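What follows is a set of notes on a single structure, which appears directly below.
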Amino acid sequence: MQRRPLPNRAKESVYSSFRCPHESGSVSALSFRRRLLAVLLLCLVVGAQQGEGQAAGPAAGAAGARRRVDVGVILDRTTWLGNISWACMELALEDFYADASHANYSTRVTLHLRDTPAGPSAVDAASAGVDLLKNVRVQAIVGPQTSSQAKFLAELGNKASVPIISFSANSPSRSSSQTPYFIRTAWNDSCQAEAIASLVHKYNWREVIPIIEDNDSNTRFIPDLIDALGHVDTRVQYRCKIHPSAGEAEIKHAISSLKVNWTSVFVVRMSYQLALKFFQLAKDEGMMGQGYVWITAYGLTDIFNVVGYPALDVMQGVVGIEPYVEETVRLNKFRQRWHEKYRLENPGTSINEPITSGLYAYDTVWAIALAAEKGGYVNSDFVPSETNNGSTDFDKISTSRAAEKFRDAFLKVNFTGISGQFVIQDMQLVSTTYKIINIAGRERRAVGFWTPGLNISRISIVWPGGSETTPRGWLLPVNKKLKIGVPVKPGFSSFIRSEDGTPKGFCIDVFEEVIGKLPYKVPKHYVEFGNGKGESNGTYDELVYKVYLKEFDAVVGDITILANRSLYVDYTLPYTESGVRMLVPVRDQRQKTAWTFLEPLTADLWLGTGAFIVFTGFIVWFIEHRTNQEFRGPPASQIGSVFYFSFSTLVFAHRERIVNNLSRIAVVLWLFVVLILQQSYTASLSSILTVEQLQPTVTNIDEVIRRGDYVGYLNDSFMPELLKRLKINETKMKAFSSPEEYNDALSTRKVAVIVDEIPYLKVFLSKYCHKYTMVGPTYKFDGFGYAFPRGSPLTPEISRGILELASNGRMDELEKQLYGDTSCPDKDDSQTSSSLTLHSFLGLFIITGTTSLLALILHVIISLYDHRSHWINGSGQISWHELLAVLFKIFHERDNSSNTPDNEEPEMEDIDPPTAESPWSMSNHIIENVDSDTDTGSTPDGEGTPGREVSNQDLGPPSFAYMHSEGAME
């Protein structure tokens with residue numbers, strides 16, 4: 001097939017269409033450029049004619065009756081990718097039309113190859129594209145090999161409405177809506193980024209460094225990777241870019257920048273040639289050993305098939321991500337045919353099988369042939385461009401209506417190719433499953449798979465250095481000691497202090513305990529943040545900000561975890577108690593007076609007790625006075641008996657005999673109540689008289705604000721901001737620096753309260769426990785923590801160490817050294833002994849009152865029944881006055897039929913005079929047994945007194961009633 005050479009005018013216009021519009025120069029320079037371009041374009045046309053002959057020759061006879069569909073191909077056959085892919089495309093065209101199912105097709109695809117360099121410049125590829133569109137009038141262009149080429153060719157496709165189909169180049173930087181004619185027949189880069197992020201998430205690595213070739217191929221990949229890693233909470237704080245033409249010195253410089261970072265997880269995406277040099281130098285620098293993680297993106301994983309042993313040797317332990325291609329009989333047969341063809345065309349090659357991009361190229365040609373047949377298109381419907389009068393060939397490119405229909409048909413193609421299912425969605429091939437490979441020894445082995453929505457399947461990896469232990473994802477920077485800032489705090493030296501230039505204190509002790517338990521050594525040295533005179537060189541906020549400025553690698557001290565500071569640093573978990581409270585003086589609230597003895601009981605309890613005393617005495621008198629001589633006598637005597645008996649029960653000193661069972665029951669229950677009252681009163685009074693009731697002088701901050709008192713706080717702290725939020729006037733704030741200043745300010749009433757963090761207050765109270773206390777609500781803050789740069793891998797390591805110290809008891813031991821062994825409890829209202837109330841004894845009073853009342857009612861009923869003959873006359877008629885007189889007589893007069901003291905007292909004359917004793921020595925313990933069959937205590941003469949015994953022991957003083965009775969007076 002003969003093609004006429006490209007005119008010189010066209011050659012010049014091709015160059016001018018891609019020349020910078022601001023370019024200027026002399027006439028001779030412009031003429032030289034035109035001559036040079038003409039020579040290049042002539043060579044290009046000759047090569048294109050040869051490529052067309054090679055592609056069309058074998059099928060010339062078979063295509064005689066078929067309509068030809070011209071398709072352009074732009075590849076660089078001097079590269080592995082271009083050479084392998086072209087062989088695959090030729091086999092694809094042969095296999096398609098050799099297939100019996102395609103024997104009746106009316107179209108035949110003809111490939112027009114333009115062999116163009118795939119370097120960073122896209123001028124050659126663009127000029128080849130213009131030639132294919134203008135002179136060959138192709139329906140599609142396949143194979144822009146690089147993203148820089150794809151960017152220009154996508155513009156040509158938009159101009160001519162001709163699809164640009166790439167099986168290797170990444171998407172242009174613009175969106176698919178801006179380049180609707182650019183179609184990728186390779187998997188989506190964002191899906192690959194998700195597979196890499198899933199692998200990173202599986203091993204819980206928190207930071208990754210991408211290492212990329214600085215070209216257009218990574219324009220879309222890096223944002224996709226960062227987004228995917230962000231979804232699994234992994235950061236990308238640094239990325240390393242290497243120029244495609246970088247030499248050994250530049251690559252070493254890039255590797256050195258990686259070594260000073262903490263992160264040891266790297267994602268690499270670059271060309272074969274650059275990657276081979278990079279990994280060789282990384283191995284020389286010791287970065288292919290234990291602790292490092294190297295993940296290669298798809299494209300670079302084919303290096304093992306292309307380069308072979310040299311790549312395997314320098315990439316031991318590398319993990320790669322590549323599309324999964326199912327092993328089939330068809331695929332194996334194709335590999336064998338491709339191997340024979342490729343070896344024949346490229347003698348001495350070490351490549352044994354096509355790479356995945358070659359398989360995509362094969363399936364792309366099949367898809368093009370299917371789309372051409374479905375439309376049955378011809379090459380004669382190009383419409384002149386609206387800007388056909390332009391001065392460049394780009395402006396004169398015509399628009400193909402048939403190519404637009406071909407694009408629509410191509411996007412609907414759906415078949416099973418040798419690489420898998422071929423379906424275009426969102427202008428690119430639909431991604432399915434990725435395979436995870438691992439280089440171990442001399443083999444490239446599959447260790448797992450990733451499928452969208454299912455994450456990673458089984459996986460077993462040999463990491464760099466031959467270790468099967470998963471790297472933690474970070475390493476300490478090589479040859480570097482951590483520079484740790486330490487605050488200078490002269491006041492509370494128990495937390496942080498300097499002894500001969502060495503920091504000491506609780507904060508340092510905890511940090512050293514945690515660092516010492518890590519499974520690796522952390523080189524470090526402390527640097528005081530001071531002015532050399534024992535004073536701080538700035539505020540704590542400024543010290544923390546030094547970490548953000550990378551002047552310190554960490555800050556260790558009594559650094560409070562605050563929200564504004566966490567914007568610049570990461571904190572470990574707190575290692576002290578959290579919160580802010582008030583410190584106030586205490587005083588004894590109880591005043592000892594002459595009436596202190598009344599305080600144990602409240603007024604209502606005193607009145608209630610007195611009322612029940614009188615009530616119980618009345619009940620006993622009412623039941624006893626008819627039958628018991630000790631409760632009889634003149635009215636004044638009986639009233640005295642009631643009060644004397646009832647009040648004497650309070651101290652169990654009553655002497656009156658109780659002869660009625662009902663009154664005995666009432667008295668017994670009353671004595672039980674008295675016993676409980678007495679014991680409770682004694683305990684409460686003892687507490688009042690012997691225990692100090694220390695109470696805080698202030699209980700809440702509102703009281704301080706209302707009285708206008710001054711408030712103290714720790715100097716160089718965040719307390720002023722908190723106090724302002726609590727609506728305390730700034731003029732009422734005073735700063736102090738040490739426990740001694742706190743004590744002086746509170747004892748001299750310079751301030752009413754001190755507001756500070758609990759750890760500081762506990763240290764203060766360990767010295768001044770009995771004079772002060774913490775009161776009020778606890779304002780929530782997170783306590784002390786260690787500050788590290790954002791994203792530092794040491795932060796979670798130290799946090800885990802703090803938790804371990806807290807769980808094994810070591811933290812408690814360190815806190816005892818800080819606060820001392822003695823505890824100083826809060827002195828608040830809960831420690832005050834309150835007076836006993838009536839409500840506390842209400843149940844007892846109800847029981848004894850109910851019992852006494854029932855005894856009274858039963859006594860009345862029994863008495864009325866026993867004397868019914870006195871108040872029921874013969875006629876049955878009686879007036880109220882007479883009834884009252886009868887009742888009065890029944891309940892007032894003495895009952896002679898009952899046992900009385902006169903009848904039961906032994907005769908004094910019958911007692912032997914030497915053994916007689918005075919009435920004052922008579923015992924109040926008289927044991928009496930009354931025969932149930934007799935109603936009287938007297939007996940006939942000559943008989944003993946059955947059922948009764950008189951005690952001969954020392955008798956106590958006579959009862960109150962006896963002394964006032966008529967017998968005693970006689």
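All values derive from a computational prediction rather than experimental measurement.
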Is the Tyr324-Tyr434 ring centre distance short of 6.0 angstrom? no

Minimal heavy-atom distance between Val109 and Ala372, with the atoms involved, is CG2-CB, 4.1 Å

Would you confirm whether Asn188, through its side chain, and Val430, through its main-chain N or O, come within 3.5 Å as a donor-acceptor pair? no

When you measure from the side chain of Arg220 to the backbone of Ser190, do you find a donor-acceptor pair of N or O atoms at a distance under 3.5 Å? no

Thr179 side-chain N/O to Phe182 backbone N/O, donor-acceptor pair under 3.5 Å: no

Run the salt bridge (Lys or Arg N to Asp or Glu O under 4.0 Å) check on Asp313 and Lys283 step by step: do they pass? CA-CA 10 Å; Asp313 181 55; Lys283 181 180 180 181; 3.6 Å; yes

Hey, does Asp124 have a side-chain heavy atom less than 4.5 Å from the side chain of Gln149? no

For Val365 and Ala92, the nearest pair of non-hydrogen atoms, with its separation, is CB-CB, 3.7 Å

Between Arg184 and Ala169, the two heavy atoms sitting closest are NE-O, 2.8 Å

Examine distances only and state if a side-chain atom of Ser257 and a backbone atom of Ala254 form a donor-acceptor pair shorter than 3.5 Å. yes

Under a plain distance cut-off of 3.5 Å, with no hydrogens placed, do Arg335 and His339 share a side-chain donor-acceptor pair? no

Among Asp131, Leu111, Asp70, whose side chain to side chain contact (heavy atoms under 4.5 Å, CB included) with Val138 holds? Asp70

Is Arg114 close enough and on-axis enough to Trp86, meaning under 6.0 Å and within 45°, for cation-pi? no

Without swapping roles, check the side chain of Gln316 against the backbone of Met288 for a donor-acceptor pair under 3.5 Å. no

Are Thr433 and Thr451 close enough that a side-chain donor and a side-chain acceptor fall under 3.5 Å? yes

Taking C-beta and beyond as the side chain, do His112 and Leu132 meet within less than 4.5 Å on heavy atoms? yes

Under 30°, 30 to 60°, or over 60°: which ring-plane class applies to Phe422 and Phe415, parallel, tilted or perpendicular? parallel

Given the rule in the salt bridge (Lys or Arg N to Asp or Glu O under 4.0 Å) test, do Glu345 and Lys341 qualify, once you have shown the distances and angles that lead to the verdict? CA-CA 6 Å; Glu345 296 178 355; Lys341 174 181 175 63; 2.8 Å; yes

Counting N and O atoms only, with roles assigned by atom type, does the side chain of Glu468 sit under 3.5 Å from a partner on the main chain of Val462, one being a donor and the other an acceptor? no

Has Ser127 got a side-chain atom pairing as donor or acceptor with Val123's backbone, closer than 3.5 angstrom? yes

So if I apply the side chain to side chain contact (heavy atoms under 4.5 Å, CB included) rule between Val71 and each of Leu93, Ile165, Ile368, which one comes out positive? Ile368

Would the distance check show the side chain of Asn438 and the main-chain N or O of Val319 forming a donor-acceptor pair, the cut-off being under 3.5 Å? no

Passes side-chain contact (heavy atoms from CB on, under 4.5 Å), Phe406 versus Val162? Steps please. CA-CA 8 Å; Phe406 173 81; Val162 172; over 6 Å; no

Show your working on salt bridge (Lys or Arg N to Asp or Glu O under 4.0 Å) between Glu248 and Lys252 and close with a plain yes or no. CA-CA 6 Å; Glu248 183 176 322; Lys252 282 186 174 180; 3.4 Å; yes

Is the NZ or CZ atom of Arg108 both under 6.0 Å from the centre of the six-membered ring of Tyr97 and within 45° of that ring's axis? yes

Hydrogens and angles aside, do Gln290 and Ser467 bring a side-chain donor and acceptor to less than 3.5 Å of each other? no

Tell me which one of Lys333, His102, Arg337 satisfies side chain to side chain donor-acceptor pair (under 3.5 Å) with Asp95. Arg337

List the steps, then state whether side chain to side chain donor-acceptor pair (under 3.5 Å) holds for Thr301 with Thr296. CA-CA 6 Å; Thr301 51; Thr296 59; 5.6 Å; no

Looking at every heavy atom in both Leu300 and Tyr272, which two are closest together, and how far apart are they? CA-CE2, 4.3 Å

Go through the steps to decide whether Trp80 and Asp302 satisfy the test side-chain contact (heavy atoms from CB on, under 4.5 Å), and finish with yes or no. CA-CA 10 Å; Trp80 292 319; Asp302 290 328; over 6 Å; no

Asn346 backbone acceptor or donor facing Thr349 side chain under 3.5 Å: no

Applied to residues 282-323, the ring pair (Phe, Tyr, Trp, His ring centres under 6.0 Å) test, sequence neighbours excluded, yields Phe266-Trp294, Phe278-Trp294, Phe279-Trp294

Thr234 side chain to Gly230 backbone, donor-acceptor under 3.5 Å: no

Report the C-alpha separation of Lys241 and Glu213 in whole Å, then their side-chain angles, then the decisive distance to 0.1 Å, and conclude whether the salt bridge (Lys or Arg N to Asp or Glu O under 4.0 Å) test is met. CA-CA 6 Å; Lys241 293 183 178 181; Glu213 188 171 348; over 6 Å; no

Taking the six-membered ring for Trp, are Trp463 and Tyr203 parallel (under 30°), tilted (30 to 60°) or perpendicular (over 60°)? perpendicular

Which heavy-atom pair separates Leu91 from Tyr362 by the least distance, and what is that distance? C-CE1, 3.9 Å

